[in-house]
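Here the structure is a predicted model, which means the values were calculated and not measured. Numbers restart at 1 for each chain; the letters A, B, ... are given by sequence-line order, proteins then strands.
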Protein chains: 2
Amino acid sequence: MISESSKRKISESTIHRLSLYYRVLSVLEKENKETVSSKELAKREKLTPAQVRKDLSFFGSFGTRGLGYPVMELKRQIGDILGLNRTWNVALIGVGNIGSALVGYKEFQRQGFQIRIIFDNDQRKIGSNHKGIQVADIGNLEKELKESKIEIVVIAVPATVAQYIVDDVVKAGIKAILNFAPVNLKVPEDVFLRNENMSMELEYLSFALINLQNGKRA
Amino acid sequence: MISESSKRKISESTIHRLSLYYRVLSVLEKENKETVSSKELAKREKLTPAQVRKDLSFFGSFGTRGLGYPVMELKRQIGDILGLNRTWNVALIGVGNIGSALVGYKEFQRQGFQIRIIFDNDQRKIGSNHKGIQVADIGNLEKELKESKIEIVVIAVPATVAQYIVDDVVKAGIKAILNFAPVNLKVPEDVFLRNENMSMELEYLSFALINLQNGKRA
DNA sequence: TAACAATTGTGAATTGATTCACATTCATTT
DNA sequence: AAATGAATGTGAATCAATTCACAATTGTTA
Ligand SMILES: NC(=O)c1ccc[n+]([C@@H]2O[C@H](COP(=O)([O-])OP(=O)(O)OC[C@H]3O[C@@H](n4cnc5c(N)ncnc54)[C@H](O)[C@@H]3O)[C@@H](O)[C@H]2O)c1
Ligand SMILES: NC(=O)c1ccc[n+]([C@@H]2O[C@H](COP(=O)([O-])OP(=O)(O)OC[C@H]3O[C@@H](n4cnc5c(N)ncnc54)[C@H](O)[C@@H]3O)[C@@H](O)[C@H]2O)c1
């Protein structure tokens, strides 16, 4: 457990890189590698060895000088930090194009993110079973979120209604929200909100093609 | 046009924020707002006015002191910078869960990202029409990419085959790739590769729930 | 068991991004 | 036409993230 005082200084990028390390370690585990150096870890994700060591050092000393890091053990430790050695009860709101894709994605399940319930306002969808998961009426949102002990909510509804939905989700006491709608949602200070903005990366590519084509990479 | 020397100093975060500004400006345009201040722009995306002004200043002076920025004009300018005032020929490789969602997403079209052709290796899908777009055989990748004058390729195939596919895409001369597979793909220096990693944001939420719950936000 | 090679963990230095603060400019009002 | 108020554009200052560089430690070899 991280001490109260050390909490504030771990950056978002460090956490994102932990996700990458975790992914690499999973691969190394399958390759039956016992240990891995910061150099190798860095190479596999195009980072620097110093970056890897610094990131890990925020959370403890996991390596052995001269040898490197024990693959299985480090994976477990990062898993503990990121909360991947447990399951999370997830609800999905809006089962259209993107919502359906998420439901069909088994990798999330494997990582412990279990979609327990789906909400929609389309009468044709409500009551049906979407890949084995019940589709509930958005009208029963608060009640069902509580009954299913949901911890994380994924928003996949049109941008126009996302703020209304999120207000209800917050009222139901949810503290973690992943939003796919291209809109800046307002939530209270104590609710964690992350946005998945697919257009951004396409737009970055577009920018790069126009502006960086003949120079060095950004 | 940006001068050769100024190219290197514009950060990725600045470009990502331009995307946000563009989105806000589109909304303001619909609300018939003539001008907008850096203060208002900042408020709508939870940024600081200084940040907004600094970001824009990298590309020129678009505002009027005492007044603010002209909404339509600034939108057009940012659109020029990001390449959104034109269309891009996009190819999608892999039309499974996530690929289908992307094809069904009209917002990309509206932004100028036009999916012209889809590739898959599933015989049941090849030859069919997916929402009006032809599904081609992955075997004809290089030929078809060139014929369709594709500029951006979106990878939505299983992680296990993504590197092989990307190698072929690069061979076909494509310089911009958006990858949805959770794997670090290797591409030459002159190819722009962006990754869309949905697990990362879920993992960040998981981390936040465990580690930041009782303290201040990260 | 001593020397060697490898690699960590971490303060210090550096580089990069954000914020500050204010002179400047423009529109409006008197 | 002068005074006022609002808001930009930008160097300088601050804050944050990354990289450097090296002492410390471990496993291996002679
Ligand atoms: N499809 C994509 O690839 C993609 C990519 C990026 C972002 N997004 C965003 O994700 C969101 C969903 O996109 P989509 O393409 O899946 O749209 P969609 O229209 O296919 O799906 C939206 C779903 O939300 C449901 N819904 C609408 N209003 C609701 C309400 N008030 N309560 C509950 N459910 C409601 C609809 O019945 C539908 O099932 C949008 O905000 C979109 O901008 C989608
Ligand atoms: N579904 C999601 O929500 C989601 C989220 C994040 C990341 N991803 C990633 O996106 C990728 C696709 O995921 P998915 O859920 O759509 O998988 P999927 O299995 O539904 O779709 C994959 C598609 O790729 C095609 N394909 C397989 N091998 C191919 C080849 N060699 N050449 C051409 N086409 C080939 C398949 O026929 C299929 O249509 C995966 O890498 C996955 O990890 C998916």
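Judged by distance alone, with hydrogens and angles left aside, B:Arg65 brings a side-chain donor or acceptor within reach of the base of D:dT8, the pair sitting under 3.5 Å.
Between the CG atom of A:Leu185 and the CG atom of A:Asn195 there is a distance of 6.5 Å, given to the nearest 0.5 Å. Here CG of A:Leu28 is found 7.0 Å from CG of A:Leu41. Values are rounded to the nearest 0.5 Å. A distance of 15.0 Å separates CZ of A:Arg194 from CE of B:Met198, quoted to the nearest 0.5 Å. Between the OG atom in B:Ser61 and the CG atom in B:Leu56 there is a gap of 10.0 Å [rounded to 0.5 Å].
Here C:dG16 presents its C1' atom at 14 Å from CG of B:Asp55, a figure rounded to the nearest Å. B:Phe59 places its CZ atom 14 Å from the P atom of D:dT10, with the value rounded to the nearest Å. The interatomic distance linking A:Phe62 (CZ) with C:dG9 (P) rounds to 9 Å, in whole Å. Computed from coordinates, the A:Glu73 CD to C:dT8 C1' distance equals 16 Å when rounded to whole Å. Here the P atom of nucleotide C:dA17 and the CD1 atom of B:Ile10 are 11 Å apart, to the nearest Å. Taking atom CD1 of B:Ile15 as the reference point, atom P of C:dG16 lies 16 Å away to the nearest angstrom. Counting to the nearest Å, the P atom of C:dC20 and the NZ atom of B:Lys39 are 14 Å from each other. Between A:Tyr69 atom OH and D:dT25 atom P there is a gap of 16 Å when expressed in whole angstrom units.
Distances shorter than 4.0 Å separate none of the side-chain N or O atoms of B:Ser38 from OP1 or OP2 on D:dA7. Note on A:Thr48: a side-chain N or O is less than 4.0 Å away from OP1 or OP2 of D:dT19. Look at B:Gln51 and you'll find a side-chain N or O under 4.0 angstrom from OP1 or OP2 of C:dT19.
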- Could you go through the salt bridge (Lys or Arg N to Asp or Glu O under 4.0 Å) check for B:Arg86 and B:Glu151 one step at a time? CA-CA 12 Å; B:Arg86 49 162 290 176; B:Glu151 297 156 306; 3.0 Å; yes
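Residue A:Lys54 is in base contact, counting any heavy-atom pair closer than 4.0 Å across all strands shown.
Map A:Arg17 and A:Leu67 each onto its nearest nucleotide of DNA chain D; the residue landing nearer the 5' end is A:Arg17. Position along DNA chain D of the nearest nucleotide to B:Ser57 versus B:Gly66 favours B:Gly66 as the more 5'-ward residue.
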